[in-house]
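Everything below concerns the one structure shown next.
All residue numbers in this chain count up from 1 along the given sequence.
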Amino acid sequence: MSVDVTVLYFDGCPSWQDAVEHVHAAAARTGVQVELSTVAVASSDDADRLAFTGSPTILLDGTDPFAQPGASPALACRLYATPQGLAGSPTVDQLIEALTRGT
């Protein structure tokens, strides 16, 4: 199984680097092959076009498994609900669940 993973980010928010590390860790723990790419979002127009709801936005095969209904595109840091509280990226365990959903 292979999953295309895209991490959308903007430079004003450092959490995207943690997200990349967490994706690699989740892939290693599950044995899921990932093709990871990063995309810098530079403008509000880019955010609208990419449906970027904050940095980092993680897409698995083009879909945001952590999407929040009603979230608007924005150049902002994104927060994720984790078992430890709000964080700048999903946990490794949350990413494992997302990567293995439907397998």
Looking at Ala87 and Thr82, what are the two nearest heavy atoms and their distance? CB-CG2, 3.9 Å
Between OG of Ser15 and CG of Asp18, what distance do you get to the nearest 0.5 Å? 5.5 Å
Kindly write out the residues that satisfy side chain to side chain donor-acceptor pair (under 3.5 Å) with Asp93, not counting sequence neighbours, or none if the list is empty. Arg29
Among all residues two or more places apart in sequence or in another chain, which pass the ring-ring contact (aromatic ring centres under 6.0 Å, His included) test with Tyr9? Trp16
Apply side chain to side chain contact (heavy atoms under 4.5 Å, CB included) to residues His24 and Val20 and explain how you reach the verdict. CA-CA 6 Å; His24 285 301; Val20 168; 3.7 Å; yes
Heavy-atom donor-acceptor pair, His22 side chain to Pro90 backbone, under 3.5 Å: yes
To the nearest 0.5 angstrom, please state how far the CD atom of Gln33 sits from the CG atom of Asp4. 12.0 Å
Measuring only between side-chain heavy atoms, which start at C-beta, is Val39 closer than 4.5 Å to Val7? no
Flag the pair Leu99 / Val3 as yes when at least one side-chain heavy-atom distance between them is below 4.5 Å, and no otherwise. yes
Where do Ala47 and Val41 come nearest, in terms of heavy atoms and distance? N-CG1, 3.7 Å
Pairs under 3.5 angstrom only: tabulate donor-acceptor contacts from the side chains of residues 73-80 to other protein residues two or more places apart or in another chain.
| residue | atom | partner | partner atom | Å |
| --- | --- | --- | --- | --- |
| Arg78 | NE | Tyr80 | OH | 3.4 |
| Arg78 | NH1 | Thr53 | OG1 | 3.3 |
| Arg78 | NH1 | Thr57 | OG1 | 3.2 |
| Arg78 | NH1 | Asp64 | OD2 | 2.9 |
| Arg78 | NH2 | Asp64 | OD2 | 3.1 |
| Arg78 | NH2 | Phe66 | O | 2.8 |
| Tyr80 | OH | Pro56 | O | 2.4 |

Keeping the roles fixed (side chain from Gln94, backbone from Thr91), state whether a donor-acceptor pair exists under 3.5 Å. yes
Can you tell me how far OG of Ser43 sits from CG of Leu50, rounded to the nearest 0.5 angstrom? 8.5 Å
Applying a strict under-4.5 Å side-chain criterion to I, L, V, M, F, W and Y, I'd like to know whether Leu60 and Val34 cluster together. yes
For residues Leu95 and Ala19, report the shortest heavy-atom separation together with the two atoms involved. CD1-O, 4.5 Å
Please report the shortest heavy-atom distance between Ile58 and Pro65, naming the atom on each side. O-CD, 3.4 Å
Is there a continuous path of hydrophobic side-chain contacts, each under 4.5 Å between heavy atoms, that joins Val23 to Ile96? no
Do Thr63 and Leu59 come close enough that some side-chain heavy atom pair is under 4.5 Å? no
